[in-house]
Amino acid sequence: MTEHQKVLLEVFAAVDAFCRKENISYVMLGGTMLGAYRHKGFIPWDDDIDIGMPRAEYERFLRLAADGIKEPYLLRHFSVEKQVPYAFAHVEHTGTTYIEARRSGAGYRGGVYVEIFPLDRAAESDWKRHLRAAQIKFQKKWLYALIMERNKTQKNPIKKLAIAAFRATGSIDSVVRKMDGLLQKDSIRMRKSRDRKASDKRSMRDVCLGNLLGHWGRRENVPASVMFPAKEYLFEGRKFFGVQSPDAYLKALYGADYMTPPPVSEREQGKHEAVEIDLRQPYSISVGKVSR
(Lines give C-alpha, C1' and ligand atoms only; values in the text may rest on other atoms or scores of the structure.)
Protein backbone atom coordinates (compact mmCIF):
# COMPACT_ATOMS: atom_id res chain seq x y z
CA MET A 1 0.00 0.00 0.00
CA THR A 2 1.01 3.59 -0.53
CA GLU A 3 1.13 5.94 2.45
CA HIS A 4 -2.03 7.60 1.12
CA GLN A 5 -3.81 4.23 0.95
CA LYS A 6 -2.80 3.47 4.54
CA VAL A 7 -4.53 6.63 5.73
CA LEU A 8 -7.56 5.84 3.56
CA LEU A 9 -7.79 2.40 5.14
CA GLU A 10 -7.64 3.98 8.61
CA VAL A 11 -10.56 6.28 7.77
CA PHE A 12 -12.50 3.39 6.22
CA ALA A 13 -11.99 1.28 9.35
CA ALA A 14 -13.38 4.12 11.49
CA VAL A 15 -16.47 4.46 9.25
CA ASP A 16 -17.00 0.70 9.28
CA ALA A 17 -16.73 0.55 13.09
CA PHE A 18 -19.27 3.36 13.43
CA CYS A 19 -21.70 1.68 11.00
CA ARG A 20 -21.43 -1.65 12.83
CA LYS A 21 -22.03 0.05 16.16
CA GLU A 22 -25.15 1.87 14.87
CA ASN A 23 -26.34 -1.06 12.71
CA ILE A 24 -26.12 0.98 9.48
CA SER A 25 -25.93 -1.01 6.28
CA TYR A 26 -23.40 -0.03 3.60
CA VAL A 27 -21.60 -1.62 0.64
CA MET A 28 -18.35 -0.88 -1.15
CA LEU A 29 -18.89 0.68 -4.57
CA GLY A 30 -17.06 1.00 -7.88
CA GLY A 31 -13.30 0.57 -7.79
CA THR A 32 -13.36 -0.19 -4.06
CA MET A 33 -15.63 -3.18 -4.67
CA LEU A 34 -13.54 -4.22 -7.68
CA GLY A 35 -10.41 -4.00 -5.55
CA ALA A 36 -11.95 -6.12 -2.80
CA TYR A 37 -13.05 -8.81 -5.27
CA ARG A 38 -10.06 -8.83 -7.63
CA HIS A 39 -7.18 -7.81 -5.35
CA LYS A 40 -8.56 -8.42 -1.83
CA GLY A 41 -7.70 -4.80 -1.16
CA PHE A 42 -6.88 -1.64 -3.06
CA ILE A 43 -6.47 -1.66 -6.79
CA PRO A 44 -2.73 -0.89 -6.68
CA TRP A 45 -3.08 2.42 -8.54
CA ASP A 46 -6.32 3.54 -6.88
CA ASP A 47 -6.45 6.57 -4.60
CA ASP A 48 -9.93 6.63 -3.06
CA ILE A 49 -12.59 4.60 -1.24
CA ASP A 50 -16.28 4.75 -2.16
CA ILE A 51 -19.18 3.25 -0.23
CA GLY A 52 -22.95 3.54 -0.61
CA MET A 53 -25.99 3.32 1.64
CA PRO A 54 -29.71 3.03 0.85
CA ARG A 55 -31.27 6.48 1.29
CA ALA A 56 -32.90 5.76 4.67
CA GLU A 57 -29.63 4.37 6.05
CA TYR A 58 -27.71 7.30 4.54
CA GLU A 59 -29.96 9.88 6.20
CA ARG A 60 -29.63 8.07 9.53
CA PHE A 61 -25.86 7.98 9.10
CA LEU A 62 -25.81 11.75 8.52
CA ARG A 63 -27.87 12.39 11.64
CA LEU A 64 -25.78 10.15 13.88
CA ALA A 65 -22.34 10.81 12.41
CA ALA A 66 -22.56 14.59 12.75
CA ASP A 67 -21.82 14.18 16.46
CA GLY A 68 -21.02 10.48 16.69
CA ILE A 69 -17.86 10.36 14.54
CA LYS A 70 -15.00 11.52 16.74
CA GLU A 71 -11.60 13.09 16.13
CA PRO A 72 -9.43 12.66 14.19
CA TYR A 73 -12.37 11.99 11.83
CA LEU A 74 -15.08 14.40 10.76
CA LEU A 75 -18.29 14.23 8.73
CA ARG A 76 -18.39 16.79 5.90
CA HIS A 77 -21.76 17.36 4.23
CA PHE A 78 -23.88 20.27 3.04
CA SER A 79 -26.42 19.54 5.79
CA VAL A 80 -23.92 20.46 8.50
CA GLU A 81 -21.82 23.19 6.86
CA LYS A 82 -21.96 25.61 3.93
CA GLN A 83 -19.90 25.65 0.72
CA VAL A 84 -19.27 21.89 0.67
CA PRO A 85 -18.42 21.21 -2.99
CA TYR A 86 -20.18 17.86 -3.47
CA ALA A 87 -23.68 16.42 -3.09
CA PHE A 88 -22.67 13.36 -1.07
CA ALA A 89 -20.90 12.84 2.26
CA HIS A 90 -17.24 12.64 3.20
CA VAL A 91 -15.65 11.38 6.36
CA GLU A 92 -12.24 13.03 6.48
CA HIS A 93 -9.07 12.66 8.53
CA THR A 94 -8.61 16.04 10.20
CA GLY A 95 -4.90 15.42 10.78
CA THR A 96 -4.17 15.42 7.05
CA THR A 97 -4.48 17.77 4.08
CA TYR A 98 -5.83 16.68 0.71
CA ILE A 99 -7.04 19.38 -1.69
CA GLU A 100 -8.21 18.07 -5.05
CA ALA A 101 -7.49 20.14 -8.13
CA ARG A 102 -11.01 19.66 -9.46
CA ARG A 103 -12.51 21.27 -6.33
CA SER A 104 -9.79 23.76 -5.43
CA GLY A 105 -11.62 26.78 -6.88
CA ALA A 106 -14.23 26.66 -4.12
CA GLY A 107 -11.74 27.49 -1.38
CA TYR A 108 -12.70 24.24 0.33
CA ARG A 109 -10.07 22.67 2.57
CA GLY A 110 -10.18 19.09 3.77
CA GLY A 111 -8.29 15.92 4.56
CA VAL A 112 -7.94 12.39 3.20
CA TYR A 113 -11.48 11.08 2.87
CA VAL A 114 -13.88 8.21 2.32
CA GLU A 115 -16.78 9.10 -0.01
CA ILE A 116 -20.26 8.00 1.08
CA PHE A 117 -23.02 7.99 -1.54
CA PRO A 118 -26.80 7.75 -1.15
CA LEU A 119 -28.36 4.87 -3.07
CA ASP A 120 -31.78 5.98 -4.27
CA ARG A 121 -34.57 3.99 -5.81
CA ALA A 122 -34.44 4.44 -9.58
CA ALA A 123 -37.45 5.24 -11.75
CA GLU A 124 -39.34 2.23 -13.08
CA SER A 125 -39.19 3.21 -16.78
CA ASP A 126 -36.03 3.49 -18.88
CA TRP A 127 -36.90 6.92 -20.27
CA LYS A 128 -37.34 8.33 -16.75
CA ARG A 129 -33.99 6.88 -15.75
CA HIS A 130 -32.37 8.50 -18.80
CA LEU A 131 -34.02 11.81 -17.93
CA ARG A 132 -32.90 11.71 -14.32
CA ALA A 133 -29.34 10.80 -15.32
CA ALA A 134 -29.26 13.70 -17.81
CA GLN A 135 -30.53 16.13 -15.15
CA ILE A 136 -27.89 15.00 -12.66
CA LYS A 137 -25.16 15.24 -15.32
CA PHE A 138 -26.21 18.84 -16.04
CA GLN A 139 -26.09 19.69 -12.33
CA LYS A 140 -22.64 18.10 -12.06
CA LYS A 141 -21.36 20.34 -14.87
CA TRP A 142 -22.88 23.37 -13.15
CA LEU A 143 -21.20 22.43 -9.87
CA TYR A 144 -17.87 21.81 -11.62
CA ALA A 145 -18.01 25.31 -13.13
CA LEU A 146 -18.36 26.72 -9.61
CA ILE A 147 -15.56 24.73 -7.97
CA MET A 148 -12.97 24.10 -10.72
CA GLU A 149 -9.46 25.55 -10.56
CA ARG A 150 -9.74 29.29 -11.11
CA ASN A 151 -6.48 29.48 -13.04
CA LYS A 152 -7.42 26.68 -15.42
CA THR A 153 -7.38 27.96 -18.99
CA GLN A 154 -10.44 27.18 -21.09
CA LYS A 155 -9.71 27.59 -24.80
CA ASN A 156 -13.14 26.56 -26.10
CA PRO A 157 -15.16 29.81 -26.32
CA ILE A 158 -18.51 28.03 -25.92
CA LYS A 159 -17.37 26.22 -22.77
CA LYS A 160 -15.83 29.44 -21.50
CA LEU A 161 -19.16 31.25 -21.96
CA ALA A 162 -21.08 28.38 -20.32
CA ILE A 163 -18.77 28.40 -17.28
CA ALA A 164 -19.22 32.16 -16.91
CA ALA A 165 -23.01 31.76 -17.11
CA PHE A 166 -23.03 28.98 -14.52
CA ARG A 167 -20.91 31.05 -12.14
CA ALA A 168 -23.22 34.03 -12.52
CA THR A 169 -26.47 32.14 -11.87
CA GLY A 170 -25.85 29.66 -9.06
CA SER A 171 -24.14 28.94 -5.76
CA ILE A 172 -22.49 25.77 -4.50
CA ASP A 173 -25.11 25.31 -1.80
CA SER A 174 -28.06 25.71 -4.16
CA VAL A 175 -26.65 23.31 -6.76
CA VAL A 176 -25.79 20.49 -4.35
CA ARG A 177 -29.22 20.75 -2.70
CA LYS A 178 -30.91 20.71 -6.10
CA MET A 179 -28.93 17.60 -7.01
CA ASP A 180 -29.87 15.83 -3.80
CA GLY A 181 -33.54 16.65 -4.38
CA LEU A 182 -33.42 15.24 -7.92
CA LEU A 183 -31.87 12.01 -6.65
CA GLN A 184 -34.78 11.45 -4.27
CA LYS A 185 -37.53 12.53 -6.64
CA ASP A 186 -38.37 9.12 -8.11
CA SER A 187 -38.51 7.43 -4.71
CA ILE A 188 -40.81 10.13 -3.36
CA ARG A 189 -43.06 9.97 -6.41
CA MET A 190 -43.40 6.19 -6.18
CA ARG A 191 -44.23 6.35 -2.48
CA LYS A 192 -47.01 8.84 -3.21
CA SER A 193 -48.35 7.13 -6.32
CA ARG A 194 -51.79 5.54 -6.46
CA ASP A 195 -50.31 2.12 -7.06
CA ARG A 196 -48.11 2.34 -3.98
CA LYS A 197 -49.35 -0.98 -2.63
CA ALA A 198 -48.62 -2.73 -5.92
CA SER A 199 -45.13 -1.19 -6.03
CA ASP A 200 -44.39 -2.18 -2.47
CA LYS A 201 -45.24 -5.81 -3.27
CA ARG A 202 -42.73 -6.02 -6.11
CA SER A 203 -39.83 -8.29 -5.39
CA MET A 204 -36.48 -6.74 -4.53
CA ARG A 205 -35.20 -8.25 -7.77
CA ASP A 206 -37.40 -5.82 -9.72
CA VAL A 207 -36.39 -2.70 -7.79
CA CYS A 208 -33.27 -0.82 -8.87
CA LEU A 209 -31.02 1.29 -6.69
CA GLY A 210 -29.01 4.01 -8.35
CA ASN A 211 -25.86 5.98 -7.59
CA LEU A 212 -26.09 8.69 -10.22
CA LEU A 213 -23.42 10.72 -8.43
CA GLY A 214 -20.88 8.01 -9.17
CA HIS A 215 -18.36 7.89 -11.99
CA TRP A 216 -20.39 5.45 -14.09
CA GLY A 217 -23.73 7.27 -14.10
CA ARG A 218 -26.63 5.11 -15.37
CA ARG A 219 -24.51 1.96 -15.24
CA GLU A 220 -24.79 2.22 -11.47
CA ASN A 221 -28.55 1.57 -11.59
CA VAL A 222 -28.63 -2.09 -10.56
CA PRO A 223 -31.22 -4.38 -8.94
CA ALA A 224 -31.34 -3.96 -5.18
CA SER A 225 -30.98 -7.72 -4.83
CA VAL A 226 -27.57 -7.48 -6.51
CA MET A 227 -26.40 -5.09 -3.80
CA PHE A 228 -28.18 -6.24 -0.65
CA PRO A 229 -28.10 -7.85 1.80
CA ALA A 230 -24.47 -6.85 2.13
CA LYS A 231 -21.82 -9.44 2.87
CA GLU A 232 -18.27 -9.27 4.15
CA TYR A 233 -15.11 -9.25 2.03
CA LEU A 234 -11.45 -9.18 2.94
CA PHE A 235 -9.87 -5.83 2.13
CA GLU A 236 -6.20 -5.40 3.06
CA GLY A 237 -6.53 -8.05 5.75
CA ARG A 238 -9.69 -6.56 7.31
CA LYS A 239 -13.35 -7.30 6.77
CA PHE A 240 -15.66 -4.75 5.18
CA PHE A 241 -19.11 -4.98 3.62
CA GLY A 242 -19.68 -5.28 -0.11
CA VAL A 243 -22.42 -6.16 -2.56
CA GLN A 244 -24.38 -9.40 -2.45
CA SER A 245 -23.66 -10.42 -6.08
CA PRO A 246 -20.24 -9.07 -7.06
CA ASP A 247 -20.15 -10.65 -10.51
CA ALA A 248 -23.43 -9.05 -11.61
CA TYR A 249 -22.51 -5.70 -10.07
CA LEU A 250 -19.01 -5.51 -11.52
CA LYS A 251 -20.14 -6.63 -14.98
CA ALA A 252 -22.71 -3.82 -14.98
CA LEU A 253 -19.98 -1.26 -14.31
CA TYR A 254 -16.89 -2.65 -16.02
CA GLY A 255 -18.05 -5.30 -18.48
CA ALA A 256 -17.46 -9.05 -18.58
CA ASP A 257 -13.66 -8.75 -18.50
CA TYR A 258 -13.50 -6.94 -15.17
CA MET A 259 -11.12 -9.51 -13.62
CA THR A 260 -8.39 -8.59 -16.13
CA PRO A 261 -6.45 -5.50 -15.07
CA PRO A 262 -6.14 -2.83 -17.78
CA PRO A 263 -2.83 -2.13 -19.54
CA VAL A 264 -0.44 0.09 -17.61
CA SER A 265 -1.09 2.96 -20.03
CA GLU A 266 -4.80 2.96 -19.10
CA ARG A 267 -4.45 2.86 -15.35
CA GLU A 268 -5.86 5.93 -13.67
CA GLN A 269 -3.02 6.83 -11.34
CA GLY A 270 -3.78 10.55 -11.56
CA LYS A 271 -7.54 10.24 -11.31
CA HIS A 272 -7.79 12.54 -8.29
CA GLU A 273 -5.04 15.04 -8.97
CA ALA A 274 -4.28 17.11 -5.89
CA VAL A 275 -2.91 20.62 -5.65
CA GLU A 276 -2.03 20.14 -2.00
CA ILE A 277 -1.21 16.97 -0.04
CA ASP A 278 0.20 16.55 3.44
CA LEU A 279 -0.44 13.28 5.25
CA ARG A 280 0.96 14.58 8.55
CA GLN A 281 -0.37 18.13 8.75
CA PRO A 282 -4.00 19.11 9.53
CA TYR A 283 -5.74 20.92 6.70
CA SER A 284 -6.75 23.63 9.15
CA ILE A 285 -3.14 24.86 9.34
CA SER A 286 -1.41 23.35 6.30
CA VAL A 287 -1.18 25.75 3.34
CA GLY A 288 0.38 25.00 0.01
CA LYS A 289 2.31 21.88 0.98
CA VAL A 290 2.77 18.86 -1.28
CA SER A 291 4.18 16.05 0.83
CA ARG A 292 3.52 12.33 1.01
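Residues: numbered from 1 along the sequence shown. Being a predicted model, the structure only gives us computed values, none of them experimental.
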Worksheet item: Can I69 and L74 be said to form a side chain to side chain contact (heavy atoms under 4.5 Å, CB included), step by step?
Response: CA-CA 6 Å; I69 295 243; L74 180 69; 5.9 Å; no
Let me confirm one number: the [atom1]-[atom2] distance from [X] to [Y], rounded to the nearest 0.5 Å.
X    : Y   : atom1 : atom2 : result
F228 : Y26 : CZ    : OH    : 11.0 Å
Q5   : L9  : CD    : CG    : 9.0 Å
F18  : F61 : CZ    : CZ    : 6.0 Å

Under 3.5 Å: donor-acceptor pair, side chain of [X], backbone of [Y]:
X    : Y    : result
T96  : L279 : no
R60  : E22  : yes
Y249 : Q244 : no
E57  : S25  : yes
R129 : A123 : yes

Discussion item. Measuring only between side-chain heavy atoms, which start at C-beta, is N221 closer than 4.5 Å to L212?
Written reply: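 SC-SC contact between N221 and L212 confirmed.
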Practice prompt. Could you tell me whether the side chain of L209 reaches within less than 4.5 Å of the side chain of N211, counting heavy atoms only?
Written response: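 SC-SC contact between N211 and L209 ruled out.
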Worksheet entry | Charged N-O contact under 4.0 Å between E81 and R109 | no
Practice prompt. Show the numbers, then the answer: is there a side-chain hydrogen bond (donor to acceptor under 3.5 Å, both in side chains) between T2 and H4?
Written response: CA-CA 5 Å; T2 67; H4 184 191; 5.4 Å; no
Worksheet item: Among Y108, Y144, F78, which residue meets the ring-ring contact (aromatic ring centres under 6.0 Å, His included) test with Y86?
Response: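 By the ring-ring contact (aromatic ring centres under 6.0 Å, His included) criterion, Y86 pairs with just one of Y108, Y144, F78: Y108.
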Response to the item:
Paired with F12, the ring-ring contact (aromatic ring centres under 6.0 Å, His included) test is passed by just one of F42, Y73, F240, namely F240
Practice prompt. Compute whether any side-chain donor of one residue and acceptor of the other, for D247 and Y37, lie under 3.5 angstrom apart.
Written response: no
Worksheet item: For the side-chain hydrogen bond (donor to acceptor under 3.5 Å, both in side chains) test, which of R55, Q184, K185, R132 pairs with D120?
Response: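 So, applying the side-chain hydrogen bond (donor to acceptor under 3.5 Å, both in side chains) to D120 and each of R55, Q184, K185, R132, only R55 qualifies.
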Fill in: With Y113, the side-chain hydrogen bond (donor to acceptor under 3.5 Å, both in side chains) member among H93, E100, R76, E92
E100
